[in-house]
Asks: 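Handing you a structure now.
Chain A is the first sequence line, chain B the second, and so forth, proteins listed ahead of strands; every chain is numbered from 1. Every value quoted in this text rests on a predicted model; they were computed, and no experiment measured them. Quick note: numbers below take in every heavy atom, side chains included, and nothing from hydrogens, waters or symmetry partners.
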Protein chains: 2
Amino acid sequence: MDGRKRVVIEGVYPEIDCGRFPIKRAVGERVNVEADVFSDGHDEVAAFLLYRKADADEWSELAMTPLPNDRWRASFRIEEMGEYLYTIKGGVDHFSTWRKDVLKKIGAGQDVIVDLAVGVEILRKAAKGPDDDGSAELLRCSELLESMAARRDTESVEALLASEGFSRLFRLCFRENLATIYGKELRVTVDRKKALCSAWYEFFPRSCPQEGKTCGTFSDAEKLLPEIARMGFDVVYLPPIHPIGKTNRKGKNNSPKGLPDDPGSPWAIGSIEGGHKAICPELGTMDDFVSFMKRASELGLEVALDLAFQCSPDHPYAREHPEWFKWRPDGTIQHAENPPKKYEDVVPFDFECESWESLWEELKSIALFWIDKGVKIFRVDNPHTKPFAFWEWFIGEIKEAHPEVIFLAEAFTRPKVMYRLAKLGFSQSYTYFAWRNTKWEITEYMKELTSAPVREFFRPNFWPNTPDILPEYLQYGGRPAFIVRLVLAATLSPNYGIYGPAFELCVSEATPGREEYLNSEKYEIKRWNWDAPGNLKDLIARINRARRENPALQEAHNVKFCEADDENILFYCRATEDLESVILVAANLDPFHAHEATLQIPIGELGISEGQSYLLEDLLGGEKFISQGDRMRFRIDPAVIPCHIFRVRRRLRRESDFDYFM
Amino acid sequence: MDGRKRVVIEGVYPEIDCGRFPIKRAVGERVNVEADVFSDGHDEVAAFLLYRKADADEWSELAMTPLPNDRWRASFRIEEMGEYLYTIKGGVDHFSTWRKDVLKKIGAGQDVIVDLAVGVEILRKAAKGPDDDGSAELLRCSELLESMAARRDTESVEALLASEGFSRLFRLCFRENLATIYGKELRVTVDRKKALCSAWYEFFPRSCPQEGKTCGTFSDAEKLLPEIARMGFDVVYLPPIHPIGKTNRKGKNNSPKGLPDDPGSPWAIGSIEGGHKAICPELGTMDDFVSFMKRASELGLEVALDLAFQCSPDHPYAREHPEWFKWRPDGTIQHAENPPKKYEDVVPFDFECESWESLWEELKSIALFWIDKGVKIFRVDNPHTKPFAFWEWFIGEIKEAHPEVIFLAEAFTRPKVMYRLAKLGFSQSYTYFAWRNTKWEITEYMKELTSAPVREFFRPNFWPNTPDILPEYLQYGGRPAFIVRLVLAATLSPNYGIYGPAFELCVSEATPGREEYLNSEKYEIKRWNWDAPGNLKDLIARINRARRENPALQEAHNVKFCEADDENILFYCRATEDLESVILVAANLDPFHAHEATLQIPIGELGISEGQSYLLEDLLGGEKFISQGDRMRFRIDPAVIPCHIFRVRRRLRRESDFDYFM
């Protein structure tokens, strides 16, 4: 320890759980870092942000900017996938302290001859440093200062010291040996851009049987892909595609007694035909799957698979690795349960078994198997029922070799569990969005998700429905409710998804008293009429186009709620930092009645002056409005359309802008 | 790593800067610990608080209580001075999980025969543990369960499992090998009680010269001690008592040109007669000082000395250890300055000198020297102008050998510097109290001081004045202002102090335009008339008696502000947790005008029902009021007295209580 290191560094942000976990960024995003950096006494302090890719040899260094109350800030941009590190350096800035003191003394008319000699000493000492160019500059300045001092030319000294060029010498005079380096190297997990912004479409590939067939195949499903692409999605997520167990196979509506021709739940993985690395024969072959993937890729769609780490009792693992399961005193295998509920078609792995290490390795091999087939996105089923330590190891291992892989955590559970899973590596997370319906609920929840430190590690993915969840709001609200929830999901979060075609067909029939689908597709094969009247496909296409064309909708954490004086009308703004892309969304949350509100438009923050007119272009309906000032009275009738997504164009003063009106 | 450890522990409170710093407690205080403890899945979790004295071999263990949202809490009481450690242990509670599941299954009418066999296994396995008594109990219960299962006596099983005795078996069945221990052992610095609660009286011992003498001595000052004790103080703090330098000695009112008979500032330490380990000859000898200490001790007063680590240019160190100082190119020693201000009578140590280690050791030897003379409390002058690393080492070294020593930091500086000094070891800290005068300022500041985590490491010591600070409020508010500030200091903070006799004589003459005393006692010897008319001595005695007799005023963090519907009237309550001691304080912050307000008395929190009468006894004026309900209309006239300190007696229903009225 060197007791002469006088600067302390604390309160570093972002820093998740004392640096135990990394923050997350996508390529192109920035990391804004703040810290308290201060010294004893009255001396000036200099603070630097150090950052590098984890595998780089040297730190890049940025001088931090002082804020009030001993706080400092700097930010850097992420350029590559993988891992970055950052930390803080701070030290007493003797040069600037001297410079400031001399200027004050000159200002007070005090003699500074000896002080100038001190300054010459500081510059000469620094000139002995390793930087040749710097040394020349320092010597030049020290001579200059010395000659001014000899001439007692205080005026020139004052001008020199006040000059910006001279003040920049602080960096060359900084005493690195007395600098404090913050004790931790903080980590950034850097994903590709799709981790930050993606539009998911979930569907059951078996639910498109040809006439006369009972089960759709990958070849059949391939034909649906162009329409999914036309709707503007970029991720197609398939529930498990593996052989389905026969023992205790569930029937329609989760009936414990399946009939012989029931197809079973895709999550009851594994049969005599194989397990997590096999394709369900009814869907086709591995080649068919690869062909499906290829077609998707041509259409700009990525295929996401389901990682459901559980087995049907018929899974080959149950025979080959009985040590990975729990066995009951009567010799039967322990099936999944949450008493009094029983899931007889599924047996969980016993993560507390003695052979946990071989189990972990096998599960990793499953992911690697599919990555090898080209799958780079996984939706992970119920990660909250497997140990945290497993996920941290598993995701770490996979991402070290394949940083492009994205994991979406399907953890509908308690908040701290959800956040912990995000901290330890999941790229995206399901949320409580489906149950946040009122203005207060939505604004409070968005506040939680975008506040520190959650926003640094938790990337929400908003789903208005899933095969497991048909919220009451959708059950009762009709088509307007589906539109509202779709627009909210797609414009409140850069990541969102729907389970279709149940969603775009506005399927709303629920198991009585529950938020679950009646005749759930989990237990039966559907024959959807994808083009049924009233479907939302064109609307979805418009929404996804708005997302693609407006960078404001692709960023995280830029939602700003604005005032609307009616409790049913939610109004918010999203803008890029440069204000090149500005979106306003107004939604009537009451699917039954029209409501009217005065919307408070944050023109100040949008760089629009009071008297300046601006254009609002509705990206759903196509209408255009010219507006002026910070208030707009607006009526939203759900019978027409319950939401508006306005693009704001604000350069109406230039000649060329007038073609906006054509 | 054992991947089967499924429980995670995070969000531990208190934990200062990731465990970098200890929290503070005094003997007799409690440590309330909270943490998030949770596991994957639906299993029950058990959490334990572990704590011990740092030098003890084994942890004490307390089962934590679950709160909502995966949070757990437990608390322990501090019994001894020194250092304590605490941490958290958590694990899956397989026994309770099993018990809960079986009860649910029984409730749902499911067959539990196999489940009971599982339970018998759990109990038998646990019976192999090291606890003999526990083993017997476990075996007994397993047999009981087995026989009930054999008889299929579900009703008895249900009764057994629901019984409290049976549920307590969880502790014996807890699988220690799969438990998670939180990664950090968090520290508690434990001080003696006076660190928590103390009343300081600062005075200049030289300011009591006998007739015909120019300077008071320790013998003279000794005669003042009985009156200080009568006022109820328990710490007497003396500005530096060492020889004062002659070079550049300051004159009256900080004049840079002292006259030959000016006594100089006591903070310009060191002359030909000695330095920090010597006594100023004008004050007497070391024997006189020891006698002064002895007399103080007999009166229940502890003497606190000033640690001012700086020198006069005449200090022996300047000759003997030139390497500890900064020398200028012209060969002169660098005196203290904060340009354009100069402090020519003081030279600072150069903590960046090559010989910093010998400097640190010498400074430590100064404290040890006075500790050896019996001094156990130090007021540290300007600690924020010496390195943080030094203080952490210095206080750590001293307190390891002498845990009873108390350090008060006189750091009137930026908030983060003040808090850092507190974190690294200062027992008490000066505050911004002197400049918090309005109701809003006071409540906001108290909120800051009592909020997490500040309350865990920062013990405020409230001073309405010091030799350096005569706030405007006191300059202009007259006697009522002195009373208000005294009552606020003494009843808002368990630690407070005054600089007397300037305070109790209501001295208010300031240097024009500054918050400093005119004719400051720092630069001249005063002859105070301690009994001048209008002095506050009796009032001070009553306030200090109230503090001594009412435990509510001796605790930290129990101030609760209550509503008073006039901006000039501050009203707050302090109560012990058991409500045995309850104090209400009402102060009129306007020293010039009477104000009237309805005070909202928090009777619910005080355990007083709506219709119950209670007694308010004014500990300043002696009046008594019987009150009822939660509102009281009250007028406070500063011309009479600007504050009331009410003791609340609330058991008026018992016969014996009626003597309160006599």
Side-chain angles (χ1 to χ4, degrees), chain A residues 1-6 8 10-11 15 17-20 36 38-42 69-71 92 100-102 104-105 107-108 110 113-115 117-118 120-121 178 183 328-330 332 337-340 342 351-353 356-357 360 383-390 393 414-417 420, chain B residues 1-6 8 10-11 17-20 36 38-42 69-71 92 100-105 107-108 110 113-115 117-118 120-121 178 183 328-330 332 337-340 342 351-353 356-357 360 383-390 393 414-417 420:
Chain A
M1 189 202 75
D2 189 331
R4 298 174 303 162
K5 297 188 174 187
R6 291 166 48 203
V8 297
E10 58 177 39
E15 177 180 308
D17 291 7
C18 304
R20 164 80 176 76
D36 300 327
F38 52 91
S39 168
D40 62 279
H42 309 290
N69 198 13
D70 290 314
R71 195 117 184 110
V92 171
K100 180 192 68 172
D101 286 355
V102 171
K104 276 190 187 161
K105 287 178 181 179
Q110 295 175 5
I113 289 304
V114 182
D115 299 276
V118 170
V120 168
E121 259 180 25
L178 296 189
R328 291 160 43 101
D330 64 350
T332 60
E337 60 177 17
N338 186 7
K342 297 178 175 189
F351 281 90
E352 284 181 345
C353 70
W356 60 273
E357 284 170 295
W360 285 22
H384 58 292
T385 60
K386 289 93 194 170
F388 300 105
F390 165 71
W393 170 86
R414 284 128 48 219
K416 283 173 187 165
V417 176
R420 181 82 181 194
Chain B
M1 190 202 73
D2 189 331
R4 299 173 303 162
K5 295 187 173 187
R6 291 167 47 204
V8 297
E10 58 176 40
D17 291 7
C18 303
R20 164 80 176 78
D36 300 327
F38 53 91
S39 168
D40 62 279
H42 310 288
N69 197 13
D70 290 314
R71 196 117 184 108
V92 171
K100 179 192 70 173
D101 286 354
V102 171
L103 284 170
K104 276 191 188 162
K105 287 178 180 179
Q110 296 174 5
I113 288 304
V114 182
D115 299 277
V118 170
V120 168
E121 261 181 25
L178 296 189
R328 290 158 46 101
D330 64 348
T332 60
E337 59 177 16
N338 187 8
K342 297 178 177 190
F351 282 90
E352 284 180 347
C353 71
W356 60 273
E357 283 171 293
W360 286 23
H384 57 292
T385 60
K386 289 94 195 170
F388 299 105
F390 165 70
W393 171 85
R414 285 127 49 218
K416 283 173 185 164
V417 175
R420 180 81 181 197

Asks: For a quick test of reading the model, state the closest non-hydrogen atom pair linking A/K104 to B/P339 and the distance between them.
Replies: CD-O, 3.1 Å
Asks: Among the options B/G19, B/C353, B/A108, B/P383, pick out the one with the most heavy-atom pairs lying under 4.5 Å from chain A.
Replies: B/C353
Asks: Taking side chain as everything from C-beta outward and backbone as N, CA, C, O, which of these in A/W393 sits under 4.5 Å from a heavy atom of chain B? Side chain, backbone, both or neither.
Replies: neither
Asks: For residues A/A389 and B/G3, report the shortest heavy-atom separation together with the two atoms involved.
Replies: CB-O, 4.5 Å
Asks: Quick check on B/H42 against chain A: is it the side chain, the backbone, both or neither that has a heavy atom closer than 4.5 Å?
Replies: side chain
Asks: Among B/D36, B/V114, B/V92, B/D2, which has the most heavy-atom pairs under 4.5 Å with chain A?
Replies: B/V114
Asks: Check whether A/F351 gets within reach of chain B through its side chain, its backbone, both or neither, counting any heavy atom under 4.5 Å.
Replies: backbone
Asks: Between A/S39 and chain B, which part of the residue has a heavy atom less than 4.5 Å away: side chain, backbone, both or neither?
Replies: backbone
Asks: Do the side chain of B/Q110 and the main chain of A/P340 share a donor and acceptor less than 3.5 angstrom apart?
Replies: yes
Asks: Which atoms of A/L178 come close to chain B, meaning under 4.5 Å heavy atom to heavy atom: side chain ones, backbone ones, both, or neither?
Replies: side chain
Asks: Most heavy-atom pairs under 4.5 angstrom with chain A, which of B/E357, B/K342, B/R20, B/K5?
Replies: B/K342
Asks: What's the spacing between B/R328 CZ and A/I113 CD1 if we round to 0.5 Å?
Replies: 11.0 Å
Asks: Testing the basics here: between B/P415 and A/N69, what is the closest heavy-atom pair and its distance to 0.1 Å?
Replies: CG-OD1, 3.4 Å
Asks: Among B/K386, B/K100, B/R420, which residue has the highest count of heavy-atom pairs closer than 4.5 Å to chain A?
Replies: B/R420
Asks: Checking B/D330 against chain A: side chain, backbone, both or neither under 4.5 Å from a heavy atom?
Replies: both
Asks: Quick one: pull up CG in B/D115 and CG in B/D101 and give me the separation to the nearest 0.5 Å.
Replies: 8.0 Å
Asks: In chain order, what residues pass the salt bridge (charged side-chain N to carboxylate O under 4.0 Å, His left out) check against A/R6, with sequence neighbours excluded?
Replies: A/D40, A/D43, B/E352
Asks: For A/K416, is it the side chain, the backbone, both or neither that has a heavy atom under 4.5 Å from a heavy atom of chain B?
Replies: both
Asks: Taking only residues two or more places apart in sequence, or in another chain, which ones meet A/C18 in a disulfide (SG to SG under 2.5 Å)?
Replies: B/C18
